[in-house]
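Letters A, B, ... are given to chains in the order of the sequence lines, protein chains preceding strands, and every chain is numbered from 1. All values reported here derive from a predicted model rather than from experimental measurement. Values reported hereafter were calculated over all heavy atoms of this structure, with side chains retained and with hydrogens, waters and symmetry mates removed.
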Amino acid sequence: MIDLKFLRENPDRVRSSQIARGEDPTLVESVIAADEARRTAIAEFEALRAEQNTLSKAVGAAAKEDRPALLETSKALAEKVKGADTAKSAAEERVREILLNLSNVVEEDVPVGGEADFKIIEHVGTPREFSFEPKDHVELGKILGAIDTERGAKVSGARFYYLTGVGALLEFALVNMAISQAGAAGFIPVIPPVLVKPSAMEGTGFLGQAAENVFHLEKDDFYLVGTSEVPLAAYHMDEILPANKLPLRYAGYSSCFRREAGSYGKDTRGIIRVHQFDKVEMFSFCPPEEAEAEHRRLLQWEKDFLNAIEVPYRVIDVATGDLGSSAARKFDCEAWIPTQNAYREVTSTSNCTEFQARRLNIRMKDENGTRPIATLNGTLCALPRIIVAILENHQQEDGSVRVPKALVPFLGGREVLTPVSA
RNA sequence: GGAGGACUCGCCUAGUGGCCGAUGGCGUCGGUCUUGAAAACCGAUAUAGGGAAACCUAUCGUGGGUUCGAAUCCCACGUCCUCCGCCA
């Protein structure tokens, strides 16, 4: 949710942000009009209410014989107050409704355009030249006894999989490596709930344009989170955080669930796009004026992790039209996937400024009083995709896979993953 | 799932229809005293909204209701605690 006052004072900023995103700029006018109506309604209600309050006091103080007359007027007034109250609530609700449909205001130098209009910030590492025909991760997963997509489909359907043997071990190793890296950077490790109430889902902005991609348990009105960003952001819902504790950084490890509606036919092979996967996510609460710097730090930690697993990747500045509604800016890291001859998104970091915090009613307190706080998130390690990147980039001709140096200690000293006998 | 009990301003607490935005203590902040500190004493100490301002309005777990008037009465829900049953 963007700030009403900011919108009132900078309608043009908001309008151009909406246009850059390819979203409706006329919402700005709607909010301003609704806000006018709201303020009028509030003034009316409050005037009546004040009158009623004084009158009510008079009733209590009045002599017995004067009461009936006073009660007469009071009763009539009570009716009016009720009406004005309803009108006020409706007007406020109206403003909120429109406000919730407005996306966050994008940062000034974000590239404008759609999904394809991202700007490449840098390339790190060079795609390897293979002296043999590289196998894809599905095949490697089979050879290593690490990934079983067939049985995943048998048991749960398309886009499900089992990680087995060395595949499961690889997940544990990567999670431990991620958590230990995060811990060194001051993140508090967290294992959050993955079923959340609508308020948490809505507060983080996932019930808007992203709604079709979340699993909903209708009977119990729970949502399955698509990322631990949700329970991490909502962790401090309705709280005021003291400034001297900021930035507060959390590293959440959880399963993530995504319906992948509208992606039929995309990435149907393998575990690039699945309904359920595990992820270590960084989340940060910090003062708004530090958000941009914090965003850069999150990006750096993502790069550190990718550097540690020794895969080539590039960093892109995601274009306005491809940002989530909460994000003012987003950087993606895309790892090189040899068999696709392409860079594919493996991590992503967003600066949500005060947008999420305002919806979740999270504020900070310093000597100048309470004010909104900024929230940021970034993927440290999305398991399946990182596993894909490792298997495909470090494979050897015989189907074995070299373990990146940094990961070796987390795999009990194992330096190579070797094919299991058939 | 069943039976009870609780929920008040950072914490603890007073408050059963108008004098209550709300008592007192603790904590915190400022001051007096002191070389400094402690103690003692004095004072301050919620949030949001409307208004140019004076000031006004809302908030006692949440939402409804009764009433001229609700922290206080009624209903529903939520959370926590205790006991019973079931269970990884």
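- For the side-chain hydrogen bond (donor to acceptor under 3.5 Å, both in side chains) with Ser348(A), the qualifying choice from Asn377(A), Thr379(A), Asp332(A) is Asp332(A), the only one to do so.
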Review point. When every nucleotide of nucleotides 64-79 of chain B is labelled 5' to 3' by its protein contacts under 4.0 Å (heavy atoms), B for base, S for sugar-phosphate only, - for none, what sequence of letters results?
Key: --S-BS----------
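- Of all nucleotides present, only rA40(B) satisfies the Watson-Crick or G-U wobble test against rU32(B), with each distance under 3.5 Å.
- Within the shown strands, rU8(B) is the pairing partner of rG15(B) under the Watson-Crick or G-U definition, both distances less than 3.5 Å.
- Here the P atom of nucleotide rA58(B) and the CD atom of Glu44(A) are 16 Å apart, to the nearest Å.
- Searching all strands for a Watson-Crick or G-U wobble partner of rC73(B) with both distances below 3.5 Å returns rG65(B).
- Among Val346(A), Leu174(A), Val280(A), the one residue that satisfies the side chain to side chain contact (heavy atoms under 4.5 Å, CB included) test with Phe305(A) is Leu174(A).
- Nucleotide rU45(B) is matched to rG27(B) when pairs are restricted to Watson-Crick or G-U wobble geometry with both distances under 3.5 angstrom.
- Taking only side-chain nitrogens and oxygens, Asn53(A) comes nearer than 4.0 Å to OP1 or OP2 of rU57(B).
- rG63(B) and rC87(B) have their C1' atoms separated by 33 Å, given to the nearest Å.
- Across all strands shown, nothing is found opposite rA52(B) as a Watson-Crick or G-U wobble partner with both distances under 3.5 Å.
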Review point. In the 5'-to-3' direction, what one-character label does each nucleotide of nucleotides 46-52 of chain B receive under the scheme B = base within less than 4.0 Å of a protein heavy atom, S = sugar-phosphate only, - = no such atom?
Key: -SSBSS-
Exercise for review: Please report the C-alpha distance between Asn101(A) and Glu97(A) in whole Å, then the side-chain angles of each, then the deciding distance to 0.1 Å, and finally whether the side chain to side chain donor-acceptor pair (under 3.5 Å) criterion is met.
Suggested key: CA-CA 7 Å; Asn101(A) 283 323; Glu97(A) 237 168 60; over 6 Å; no
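- Annotation: rC60(B) and rU8(B) have their P atoms spaced 12 Å apart (nearest Å).
- Look at the P atom in both rG61(B) and rG1(B): the space between them is 25 Å, to the nearest Å.
- Test Lys119(A), Lys330(A), Arg329(A) against Asp317(A) for side-chain hydrogen bond (donor to acceptor under 3.5 Å, both in side chains) and you get one pass: Arg329(A).
- Across all non-hydrogen atoms, the minimal contact from Ala233(A) to Phe285(A) is O-CZ, 3.8 Å.
- Distance check on atom C1': rC41(B) versus rG49(B) gives 39 Å, rounded to whole Å.
- Comparing the P positions of rA88(B) and rG78(B) gives a spacing of 26 Å, expressed to the nearest Å.
- Put simply, the residue from Lys5(A), Arg94(A), Arg8(A) that forms a salt bridge (Lys or Arg N to Asp or Glu O under 4.0 Å) with Asp35(A) is Arg8(A).
- A gap of 41 Å separates the C1' atoms of rU34(B) and rG15(B), to the nearest Å.
- Atom C1' of rC86(B) sits at a distance of 47 Å from the matching atom of rG21(B), rounded to the whole Å.
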Practice item. Take Trp336(A) and Val311(A) through the side chain to side chain contact (heavy atoms under 4.5 Å, CB included) test and state the conclusion after the steps. Key: CA-CA 7 Å; Trp336(A) 178 253; Val311(A) 298; over 6 Å; no
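- Across all strands shown, rU82(B) is found opposite rA3(B) as a Watson-Crick or G-U wobble partner, with both distances under 3.5 Å.
- The structure places CE of Met282(A) at 5.0 Å from CG of Leu380(A), a figure rounded to the nearest 0.5 Å.
- On the P atoms, rG24(B) is 23 Å away from rC73(B), given to the nearest whole Å.
- For the pair Thr375(A) (side chain) and Ala357(A) (backbone), a donor-acceptor distance under 3.5 Å is absent.
- Taking the six-membered ring for Trp and thresholds of 30 and 60 degrees, Tyr250(A) and His236(A) have ring planes inclined between 30 and 60 degrees apart.
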